[in-house]
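These notes concern the structure reproduced below.
Convention: sequence-line order gives letters A, B, ...; per-chain numbering from 1. Model, not experiment: these values are computed from the prediction.
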2 protein chains.
Amino acid sequence: MTPRARHLPSEERRAEAVEAVIKLAASANPEEITTSAIAARMKLTQGALFRHFPTKDAIWLGVMEWVSDRLLARIDRLAGAESDPLAALEAMFLGHVDFIAEHPGVPRMMAGQLQNAGETPAKRMARALVENYGNRLRRILAAARAEGVLPPGLDIDAAAALFLGMIQGLVMQNLIHGDSARMRTDALRVWVIYRAGLLAAVHTQEGGA
Amino acid sequence: MTPRARHLPSEERRAEAVEAVIKLAASANPEEITTSAIAARMKLTQGALFRHFPTKDAIWLGVMEWVSDRLLARIDRLAGAESDPLAALEAMFLGHVDFIAEHPGVPRMMAGQLQNAGETPAKRMARALVENYGNRLRRILAAARAEGVLPPGLDIDAAAALFLGMIQGLVMQNLIHGDSARMRTDALRVWVIYRAGLLAAVHTQEGGA
DNA sequence: GGTAAAAGCAAGCGATCAATTACTATTTTG
DNA sequence: CAAAATAGTAATTGATCGCTTGCTTTTACC
């Protein structure tokens with residue numbers, strides 16, 4: 001009568017655990033995701049988790065790797081499909097927003113990792129993701145400026161920071177309204193202003209105080 | 001020989017506790033701020049804290065009230081001192097950035113409260129702060145549009161969302177670089193782009209699908 | 001100046017969590 | 001097919017946390 005649960009190889013269980021964390025983070029504070037909760041969602045006992053991960057932070061590291069791989073792959077694919085750098089930037093932006101809409105827990109997890117006190121591997125991975133993302137942004141922005149699509153005096157670093165902030169703002173709105181569907185239309189509306197800012201930016205460089 | 005610590009009235013202790021939390025949050029994950037840590041910073045025993053607060057969330061509520069009062073008062077003062085609505089907006093923005101630079105733990109605490117699962121009083125207060133802040137933003141933006149300082153078709157809600165995102169982005173940059181002094185110069189650079197976006201925004205409203 | 005209220009300490013309770021242990025069940029493999 | 005390796009369970013450990021309790025010290029007040 002007992003269902004006699006199958007034993008799965010460790011690698012599959014690790015993937016399951018990562019997926020479980022992503023799903024759990026969609027509706028719970030990441031700090032409150034316990035090993036028991038992860039195990040329960042995998043239909044395992046809590047102790048069994050530690051057959052596949054040496055420590056809880058190793059699970060978080062796996063999660064951050066998952067996020068990094070998927071997000072960077074997606075934005076690279078979307079940006080690569082556009083020839084116009086501004087269109088590439090917009091595709092990156094909307095792709096990122098979609099990614100967050102599909103996995104609402106991701107920004108929460110990222111923030112949670114980044115503000116952890118110690119220097120855990122998972123935190124390093126999160127920081128690396130932000131840096132890689134920023135590098136891609138700056139590369140495209142610089143290309144657009146070089147092509148003359150964006151004004152020559154455009155402050156690339158500030159533009160990249162604002163790009164990331166735009167996403168952060170949408171996440172916060174989403175956190176308050178809880179309406180995930182609304183995020184995409186909001187994204188388009190915010191993009192209009194951001195785009196105009198890039199194109200019209202007056203360059204402090206030359207007109208300083 | 002014993003220093004014979006003075007007994008302070010409850011009200012002062014409550015203020016001390018709030019201050020202790022703000023200070024602690026500057027260098028620690030808010031979730032890790034235990035009642036023991038708060039008490040230690042006040043040079044009290046952990047149990048004594050509960051003479052002044054019925055529960056830990058009451059402490060958080062006090063902290064969120066502190067933040068709400070101080071932040072709103074500051075931006076109201078700064079915005080009120082300007083006659084030009086765009087200058088008022090910039091003053092609000094820089095004032096907010098300064099506030100965060102003075103109290104680096106504040107955004108972390110806000111985010112932490114907002115993503116808490118339950119419906120605690122402290123969470124309600126945090127949400128109310130964001131709403132009040134947004135209302136002020138939209139009011140000034142609408143006034144600027146009415147005065148003709150900003151284009152008539154400007155998307156007020158999107159502009160307000162981007163304003164908040166701009167701050168979130170700076171916070172995230174600060175979280176990664178850890179350089180609090182740099183935040184203000186970054187803020188000015190980002191503001192240039194945002195301002196240009198407001199002034200130049202093409203209005204989707206009329207050109208819609 | 002004596003007394004009650006307020007504020008403090010020290011200790012500990014119950015709950016929770018990550019990680020371990022001892023043992024059993026299932027796969028893999030020579 | 002037997003034996004080793006792998007994956008699982010159930011129970012437990014040690015640490016930590018929010019909060020309470022019993023008792024002492026300080027402050028406020030008539």
Side-chain angles (χ1 to χ4, degrees), chain A residues 1-21 24-25 28-64 109 112-113 116-118 120-123, chain B residues 1-21 24-25 28-64 109 112-113 116-118 120-123:
Chain A
M1 222 33 156
T2 343
R4 239 170 347 163
R6 294 210 28 235
H7 283 194
L8 292 183
S10 214
E11 196 176 347
E12 286 186 37
R13 287 298 193 204
R14 266 181 258 128
E16 272 186 29
V18 167
E19 185 190 2
V21 171
L24 284 170
N29 190 330
E31 312 272 346
E32 290 164 2
I33 297 177
T34 68
T35 53
S36 295
I38 301 170
R41 182 170 260 267
M42 299 168 65
K43 300 198 186 302
L44 280 185
T45 58
Q46 181 255 354
L49 255 183
F50 290 86
R51 292 270 171 212
H52 314 295
F53 295 93
T55 170
K56 193 192 183 186
D57 190 70
I59 304 180
W60 278 115
L61 178 59
V63 171
M64 297 322 288
M109 296 186 306
Q113 288 300 318
N116 265 347
T120 71
K123 182 177 180 179
Chain B
M1 224 29 160
T2 344
R4 237 171 351 162
R6 294 209 29 235
H7 282 194
L8 292 184
S10 214
E11 197 175 349
E12 288 186 36
R13 286 298 192 205
R14 264 181 260 126
E16 271 187 29
V18 166
E19 186 190 1
V21 171
L24 284 170
N29 189 332
E31 313 270 347
E32 289 165 4
I33 298 177
T34 68
T35 53
S36 296
I38 301 170
R41 181 169 262 267
M42 300 168 65
K43 300 199 187 298
L44 280 185
T45 57
Q46 182 255 358
L49 213 54
F50 289 87
R51 291 266 175 221
H52 314 295
F53 295 95
T55 171
K56 192 193 182 184
D57 191 68
I59 305 179
W60 277 114
L61 179 59
V63 172
M64 297 322 289
M109 296 188 305
Q113 287 299 319
N116 265 348
T120 71
K123 183 179 178 178

| message | Expected output is a numbered-order residue list: members of residues 46-60 of chain A with a heavy atom under 4.0 Å from any atom of DNA chain C. What is it? | response |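 Contacts with DNA chain C under 4.0 Å: A:Q46, A:G47, A:F50, A:R51, A:T55, A:K56.
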Measure [atom1]/[X] against [atom2]/[N] and give the value in whole Å, please.
X     : N      : atom1 : atom2 : value
A:E32 : C:dA18 : CD    : C1'   : 16 Å
B:H7  : C:dA4  : NE2   : P     : 19 Å
A:I38 : D:dG8  : CD1   : P     : 15 Å
A:E31 : D:dC17 : CD    : P     : 13 Å
B:K43 : C:dG8  : NZ    : P     : 14 Å
A:N29 : C:dT16 : CG    : C1'   : 16 Å
A:R6  : D:dT9  : CZ    : P     : 14 Å

| field | Touch class at under 4.0 angstrom, heavy-atom based, for B:T45 against every strand present | value |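 Answer is base: heavy atoms of B:T45 come under 4.0 Å of a base.
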| field | Close side-chain approach of A:P30 to A:W60, heavy-atom, < 4.5 Å | value |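 With C-beta onward as the side chain, the pair touches.
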| query | Of all residues at least two apart in sequence or in a different chain, which pass the salt bridge (Lys or Arg N to Asp or Glu O under 4.0 Å) check with A:E16? | reply |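 With neighbours one apart ignored, the set is A:R13.
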| When rounded to the nearest 0.5 angstrom, what is the spacing between CG in A:L61 and NZ in A:K123? |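 NZ of A:K123 is found 14.5 Å from CG of A:L61.
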| Closest-nucleotide 5' rank along DNA chain D - winner of B:T35 and A:L44 |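 Residue closer to the 5' terminus by nearest nucleotide: A:L44.
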| query | What closest approach, in Å, do A:M42 and A:A20 show between heavy atoms, and which atom pair accounts for it? | reply |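 Shortest heavy-atom contact: CG-CB, 4.1 Å.
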| field | Partner of A:L24 under side chain to side chain contact (heavy atoms under 4.5 Å, CB included), chosen from A:T34, A:N29, A:I33 | value |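 Between A:L24 and the candidates, side chain to side chain contact (heavy atoms under 4.5 Å, CB included) is satisfied uniquely by A:I33.
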| field | Test item: side-chain donor near acceptor, A:T35 and A:Q46, under 3.5 Å | value |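 Per modelled atom types, A:T35 and A:Q46 side chains form a pair under 3.5 Å.
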